[in-house]
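Counting starts at 1 for both ligands and their atoms, following the listed order. Index from 1, following the sequence. Keep in mind the model is a prediction, meaning the values are calculated, not measured.
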Amino acid sequence: MKIIILSGSNRKSATSTRLAAIVGQLISQKGHTIQLFDLFQTPLPFYSPDGVDQDHASVQQLRQAMLQADGIVLASPEYHGSISGVLKNALDYLGQEHFRGKAVLSMSSSGGAVGTSSLLQLQAIVRNLHGINSPEWISIGGAQRSLLVEGYAGYEGGGQDINDRIHRAALSFIELAALVRGN
Ligand SMILES: Cc1cc2nc3c(=O)[nH]c(=O)nc-3n(C[C@H](O)[C@H](O)[C@H](O)COP(=O)(O)O)c2cc1C
């Protein structure tokens, strides 16, 4: 299957993007094709209902990748109890044609111990877009984030609890994605 991971931080060393990369690696090890769309690396213009920027190359690239995907992973930092502005902006360019009949895994990184507020809001957006929310989600928060900073060597050995949770959620998402796509 083709899986797109949309990472919604506008920060170079974002822990949510690092989480996205780790989940991508796990899914790829299961034989699936991964595309990580990092909104820091590929910023989008502000969405306007007037239709300006609809032909923007990065917008078209995102829409094409989302159309072709069999499953979707969304990653966001938790901002003010919600998702980041850049991720919401990207989602505003998308519609039911990109999400319908596809499993979606939501993930967040928060300053507090858990970031379920942003995850709940992300799942509400997915429901509105007719995506199928994976029953598991991933929240990384507080000191746990140190396990995800770029170059940190202790991920495999240093955070068994998080490690197990990430593996469990990623595998359950892939099982759901395969089920709904008839694979
Ligand atoms: C504008 C802003 C708002 C934030 N709001 C919250 C919040 O409501 N709850 C929380 O736990 N952390 C909050 N944080 C902290 C971030 O969630 C935390 O630093 C997160 O790990 C950032 O993710 P990143 O590493 O992917 O950039 C906020 C940070 C910023 C910059």
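Nearest-heavy-atom check against atom 22 (C) of ligand 1 across Pro77, Gly8, Gly81, Ser16 picks out Pro77. With atom 16 (C) of ligand 1 as the reference point, the heavy atom nearest to it among Arg18, Glu78, Arg11 is part of Glu78.
Against a heavy-atom cut-off of under 4.0 Å, Ala14 is close to the following atoms of ligand 1: 24 (P), 25 (O), 26 (O), 27 (O).
Ranking the protein heavy atoms by distance from atom 20 (C) of ligand 1 puts Ser109 O, 3.5 Å first. The nearest heavy-atom contact from the protein to atom 18 (C) of ligand 1 is Arg145 NH1, 3.3 Å. Among protein heavy atoms, atom 11 (O) of ligand 1 sits closest to Gly112 N, 2.8 Å. For atom 5 (N) of ligand 1, the closest heavy atom belonging to the protein is His80 N, 2.8 Å. At the top of the distance list for atom 15 (C) of ligand 1, counting protein heavy atoms only, stands Gly111 N, 3.7 Å. Counting protein heavy atoms only, atom 31 (C) of ligand 1 is closest to Tyr79 CE2, 3.6 Å.
Although no hydrogens or angles enter the test, the distance criterion places a donor-acceptor pair under 3.5 Å between the side chain of Ser108 and the main chain of Gly115. Side chain of Arg181 to main chain of Ala178: no donor-acceptor pair is present (N/O by atom type, distance under 3.5 Å, no hydrogens or angles). Between the side chain of Asp38 and the main chain of Phe40, a donor-acceptor pair closer than 3.5 Å is present.
If you look at Ser9 next to ligand 1, the close heavy atoms, those under 4.0 Å, all belong to the side chain.
Among pairs with a residue in residues 52-92, none fulfils ring-ring contact (aromatic ring centres under 6.0 Å, His included), at least two apart in sequence or across chains.
Between Lys30 and Leu171, some side-chain heavy-atom pair lies under the 4.5 Å cut-off. Residues Met66 and Phe37 form no side-chain contact, since every pair of their non-hydrogen atoms from C-beta on lies 4.5 Å or further apart. Between Tyr47 and Lys88 the shortest side-chain heavy-atom distance does not fall below 4.5 Å.
Under the 3.5 Å distance criterion, with hydrogens and angles disregarded, no donor-acceptor pair is assigned to the side chains of Ser110 and Glu78.
Ligand 1 is never approached by Gly115 to a heavy-atom distance shorter than 4.0 Å.
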